[in-house]
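First comes the structure, then the notes that go with it.
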Amino acid sequence: MTSLAKPGTGRMPRQIPYIIANEGCERFSFYGMRNILTPFLITTLLMFLPEDMRTGEAKHVFHTFVIGVYFFPLLGGWLADRYFGKYNTVFWLSLVYCLGHACLAIFEDNVNGFYFGLFLIALGSGGIKPLVASFVGDQFDHTNKDKAKVVFDAFYWIINFGSFFASLLMPLLLRDYGPAWAFGVPGILMFIATMVFWSGKKKYVHVPPAPANPHSFMRVAKSALLARQPGQGRPGLNLALLGAAGALASLAMAAQWGFVIAACTALVLLMAFGGMGTSMQLDRARGLHPDDAVDGVRAVLRILIVFALVTPFWSLFDQKASTWIVQANTMTTQVNLLGWTFDVIPAQMQALNPLLVMLLIPINNIALFPLMRKMGVEPTPLRRMTAGIALSAAAWIVVGNLQVALDAGDAVSIAWQIAPYALLTLGEVLVSATGLEFAYSQAPASMKGVIMALWYLAVTVGNLWVLIVNASVKNESVIAYIEGSGVGVMAFQMYFFAAFALLSAAAFGWYATRYRMVDHYRSSVAG
């Protein structure tokens, strides 16, 4: 029977605490292992390598892992939408996730076993990433949707809460009790998360998988590329085929570049050339598909340009858990704060990020944005994102300057990293928190799932740039050029990434002035 209850009259779903508790434990487990991964690799697992190779290999492993975490949402979303539903997909991939943690704890001195554990965590964590938040949304209907914002705020808060305490405690556990415990405790938290999620099974609203959509993004794009028109060629298809040829050439270079770089580059070429080709012939899909589906694909392609320009930000942001920790290892770690002297473990600096996120979001909404409006400057989503990318570049200029001082033999306190962490986190709030809000407002309802997948792929591509840059500094001619620049390799890379982000911010700002905003939020339900 159809509910006749009015909007706003429904109560808070009783099953929500199970999902919130699950998310808090899962985020503790993920950030707990992630934030000690780089120091563990350098000081323990990669000891068989020459000392001058350990840092580069640790960064390569870390960013390869992050690439996997943000690639597997495609698989998890597809399995949930087409076959198993959100609950079953989250539950079974959570068990895979737990197994991955167990591998890290057991194979602390076995490279292959440890890397297999990282693969399982990337599969489990990435696979459930696009599902948990949308599963929260499934628990609401039109009678209580007004309470959903409170839950999503709590959801975002618990993510940062778990990340904050994991970043503080796991480095201590690694130092005092060793890697078996440091990786085992996050595994225990993930098992608790899974059991909490399972215990609410009978209380959840389970939305069944949807049937295949004949007017999906990929089907509309395929129709556009293959459609013929009398007297006209298919330039869009030719461009897409050129991208496919480039992708095959990239895969053929796997032996020289490494599989991850080759495969990700192939994906970028397919998306870039396929997207441009589809855009050139998109109107040919009209008649074969409804106009709203075709317009939805065009909206996604426009948003894809925005996401592409954001990828340099992710290349800077994710290095706070690799390059910045490497830098912190060379700093003096004794800090004096208000007369209280204490030692900081370099990996603990990661706790600044979630702490600052929890502080900056209300400050922005309560003080900064209203002040900007009073000054006649509207903080539109694209303006916020432009500023966020530029702030990330400023953060990397600061760490570059710190690295130059370290390379000169100066003693630099780890407290100086607070400034770049503050700049980078403000950039994160302006880019990450704004990006999905922007994308969801621009994409029609039928394309919002595609947008989520592309957002995660933007993070994957951002980490691809890191792998490419790290691989390039192994080239003798590149090293010779850096040596002639007057700064060390690490400082040169930091300034390079800063310049990369500044160029991206300029391009993003230019595109923002030409982007026409639309509004695809769903209409409210009538009372």
May I ask you to decide if [Y]'s main-chain N or O and [X]'s side chain share a donor-acceptor pair within less than 3.5 Å?
X    : Y    : result
Q417 : W324 : yes
Q319 : S315 : yes
Q350 : K320 : yes
D410 : V412 : no
T265 : A262 : no
S504 : L309 : yes
T386 : L382 : yes

[X] atom [atom1], neighbour heavy-atom count above 12 within 6.0 Å:
X    : atom1 : answer
W198 : CH2   : no
F197 : CZ    : yes
F191 : CZ    : no
M195 : CE    : yes
Y115 : OH    : yes
E51  : CD    : no

Exercise: identify the closest heavy-atom pair between [X] and [Y]:
X    : Y    : answer
A390 : A505 : N-CB, 3.9 Å
T333 : I414 : CA-CG2, 4.1 Å
P312 : A308 : CD-O, 3.8 Å
A321 : N35  : CB-OD1, 4.3 Å
L79  : T89  : C-OG1, 4.0 Å
T38  : A58  : O-CB, 4.3 Å

Output the distance between atom [atom1] ([X]) and atom [atom2] ([Y]), rounded to the nearest 0.5 Å.
X    : Y    : atom1 : atom2 : value
R384 : L426 : CZ    : CG    : 12.0 Å
L464 : T64  : CG    : OG1   : 9.5 Å
L104 : H101 : CG    : NE2   : 7.0 Å
Q327 : M490 : CD    : CE    : 5.5 Å
F317 : N463 : CZ    : CG    : 10.5 Å
L45  : R54  : CG    : CZ    : 11.5 Å

| task | Apply ring pair (Phe, Tyr, Trp, His ring centres under 6.0 Å) to the pair F508 and F313, showing each step before the final yes or no. | result | CA-CA 11 Å; F508 192 99; F313 166 81; over 10 Å; no

Side chains of [X] and [Y]: closer than 4.5 Å at any heavy-atom pair?
X    : Y    : value
L174 : I345 : no
I158 : R27  : no
L37  : L118 : yes
I303 : I451 : yes

| request: Return the set of residues passing ring-ring contact (aromatic ring centres under 6.0 Å, His included) with F165 (not counting sequence neighbours), or none when no residue passes. | output: F161

| Is the cationic atom of R34 (NZ for Lys, CZ for Arg) positioned less than 6.0 Å from the six-membered ring centroid of F65 and within 45 degrees of its normal? | no

For [X], check salt bridge (Lys or Arg N to Asp or Glu O under 4.0 Å) against everything at least two apart and list the hits.
X    : value
K86  : D138
R383 : none
E378 : R373

| request: Quick one: which residue pairs count as a ring pair (Phe, Tyr, Trp, His ring centres under 6.0 Å) with a foot in residues 335-355, not counting sequence neighbours? | output: W340-F342

| task | Show your working on side-chain hydrogen bond (donor to acceptor under 3.5 Å, both in side chains) between Y97 and E26 and close with a plain yes or no. | result | CA-CA 10 Å; Y97 199 160; E26 186 272 327; 2.6 Å; yes

| message | Which residue in the set H60, H63, K59 passes side-chain hydrogen bond (donor to acceptor under 3.5 Å, both in side chains) when paired with S322? | response | H63

Indicate the ring-plane relationship of [X] and [Y], choosing parallel, tilted or perpendicular according to the 30° and 60° boundaries.
X    : Y    : answer
F500 : F497 : tilted
F307 : W455 : perpendicular
Y456 : Y70  : tilted

| So, for F107 and F116, is the gap between ring centers shorter than 6.0 Å? | no

| task | Quick one: list whatever passes side-chain contact (heavy atoms from CB on, under 4.5 Å) with T332, sequence neighbours left out. | result | A411, S413

| query | Step by step, would you call N401 with Y495 a side-chain hydrogen bond (donor to acceptor under 3.5 Å, both in side chains)? | reply | CA-CA 9 Å; N401 291 341; Y495 289 136; 2.5 Å; yes

